[in-house]
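Chain identifiers are assigned alphabetically (A, B, ...) following the order of the sequence lines, protein sequences preceding nucleic acid strands; residue numbering begins at 1 within each chain.
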Amino acid sequence: MPSPTFRLYNTLTHETEPVEPIEEEHLRFYSCGPTVYMYAHIGNFRSFLTADLIRRTAEAIGWDVTNVSNITDVGHLTQDDLVDPGGEDKMQRALEREGERFANIYDLARHYTEAFLEDWGALNLREPEVRPRATEHVTDQLEAVIELVETGHAYTTEQGVYFSVESVDDYGHLSGNTEAQQLEATDRDVVEDPEKHDPRDFALWKHDPDHLMHWHSPWGWGYPGWHIECSVMGMQYLGDRFDLHTGGEDLIFPHHECEIAQNQSLAGHPVVNYWVHTRFLQVEGEKMSKSTGNFYTVRDLIAPGPNDKHVPDSVREQGGIDPLALRYTLMQGQYRKPFNFTLDALHTAARHVRRYQDAAERVEEALEADAAGPDHLGDRLGAIHERTLEAMCDDLNTPAATAAALEGVKAIEQTDRLSGDAARSARNWLDRTNALLGIVESEHDAEPATDDGSQDGLSAGHLSSSINTLLEDREAARTEGEYARADAIRDTLEALGIEVMDTPDGTEWRRTIEVG
RNA sequence: GGUGACGUGGCCGAGUGGUCAGGCAGAGGCCUGCAAAGCCUCCUACGGCGGUUCGAAUCCGCCCGUCACCUCCA
């Protein structure tokens, strides 16, 4: 069976195009990572998930993948033009906000980097081959800036080094921001360097010996501009021609526009063929913001502390939601379309993820029993996987892919008695579905740590045993026909967040997934 | 003002010319001591107005609306 053609929307051409790797069957791409000055929120991870799904789709059609995803651990000015020696950047602001928590800016960056990697694993994102840090590549960035000055693409002023936009041909092509007047016409609250040649020119290096992080350069102590790090690290690890570059839609301009200009100037030719951008998500119909109360970090939802009052009760009271459910929720919208993240969708996703897990459990049991009988599932699940993969190859159509995959779960549920052969087909399908979508079971062992300790008291031994006592009492009552007492015990369990299911094989229980 | 994306049933969300998306919620049924879970059945929509066509959610034009970016942001 030939693999479907992998197609992605290319911001550069405004078209959905077949992805044709430079090296045959080897996709090499760069993903813009986070600036580590706070816990990552669910919107950040919508973008990182896109990169993960590109990787998984490419692997599913048999390609090799090399992915580079950076950690930006250098603070950059909140306004790129602002060359005020006392100017703050977002990492510096974070340090001032949390000064008692961290001894210095490096500790802060380290803490949020570790938290980010934990969230990454919890959401079942695959590790990039290379995860470079900006602070470890400042020398490389300096060399690139020097080269740009030497080749006439950059110039120095009293306050720093600027890239000369005029020195490249098609600046603005990616974003459509082609007119210098447009940039000036925009109402911007910006302090400009009067020595800048062109309002579009952007900083490559800032002279600022007082900055919290500073390095020595030919222009004195200072620190690099934001855009240069991705150009340098991308080309260092992927060469001066690679396939694809991902990021959030906000990075189209200025970040990626500037990166293209730098790349072109350093390499002498275009470096990246496809640019893929993930749209911002909204939460409960509004732009996510702390003031609206709809701002969720990943750990707010998967491991809330008991005192995280901004976390919705329905999430906090059950000790956080399955991280795979968060992943599943984010996949209910295609990366390129507006997506409204709702708690309702999150709880629905939790149920769906559990259906996968239940199906996987059933399959495990059937594998152990290994009953004789025909394989009713192999062909059906094979066809379902085809459709799932086709949907993913169609510009990462995750809603269609998850819908197709859910039919596979249904097929397993519908089968009354799973033969050993059917179970092997089902196991194979679950594995392939998990490899492609990552929603069945986590590939990471590490549990995410929480700041305030887990609220998951139900997994604690003493509570678990009291549940068992209640279940035994109820079973006894049922055997004796005392249904009123049995139902009262069931109500008690429900109040504890336990739902009880009487099956032909005995009574089962699990934690309730609350709705809304 | 510039640029781009989008508008599908109560809700979310697939679908680029003619035949089923799927899910959630809701209704009925099977199962159950009663439930729960699961299964089966039902609920049939494409912002507005024109146009092309035998036929349009789908193509074209105009209009209305939503969202985003335009040097903080994934």
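Listed nucleotides B/C69, B/A14, B/G23 differ in distance to A/Gln334; the shortest reach to its side chain belongs to B/A14. For A/Leu251, taking side-chain heavy atoms from C-beta onward, the closest of the listed nucleotides B/A74, B/A68, B/G23 is B/A74. The A/Asp250 side chain lies nearest to B/C69 when the options are B/C69, B/G7, B/G4. Candidate nucleotides B/C67, B/A14, B/G23 were compared by shortest atom distance to the side chain of A/His352, and B/G23 ranks first.
Straight-line distance between the C1' atoms of B/U53 and B/G18: roughly 12 Å, to the nearest whole Å. A gap of 14 Å separates the C1' atoms of B/A25 and B/G13, to the nearest Å. Across B/G1 and B/C24, the matching C1' atoms stand 42 Å from one another, rounded to whole Å.
Using a 3.5 Å distance cut-off with no hydrogens or angles, the side chains of A/Tyr112 and A/Asp73 do not pair a donor with an acceptor.
Residue A/Asn340 contributes atom CG, which lies 10 Å from atom C1' of B/C11 at whole-angstrom precision. Rounded to whole Å, the distance from NE2 on A/His173 to P on B/G2 is 20 Å. When the C1' atom of B/C73 is taken as reference, atom CZ of A/Arg279 falls 15 Å away, rounded to whole Å.
Partners of A/Tyr328 according to the side chain to side chain donor-acceptor pair (under 3.5 Å) rule, which considers only residues two or more places apart in sequence or in another chain, are A/His352.
With the 3.5 Å cutoff on both pairing distances, Watson-Crick and G-U pairs in RNA chain B assemble into runs of at least 3 at B:1-7 with B:64-70, B:10-12 with B:22-24, B:26-30 with B:38-42, B:47-51 with B:59-63.
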For nucleotides 34-38 of chain B, give me every protein contact, N/O to N/O, under 3.5 Å, one pair per line with atom names.
from	atom 1	to	atom 2	distance (Å)
B/C34	O2	A/Arg490	NH2	2.6
B/C34	N3	A/Arg490	NH1	2.9
B/C34	N3	A/Arg490	NH2	3.4
B/C34	N4	A/Asp502	OD2	3.0
B/A35	N6	A/Asp502	N	3.3
B/A35	N6	A/Asp502	O	2.9
B/A35	N1	A/Asp502	N	3.0
B/A35	N3	A/Arg490	NH1	3.0
B/A36	O2'	A/Glu499	OE1	2.9
B/G38	O3'	A/Glu413	OE1	3.1

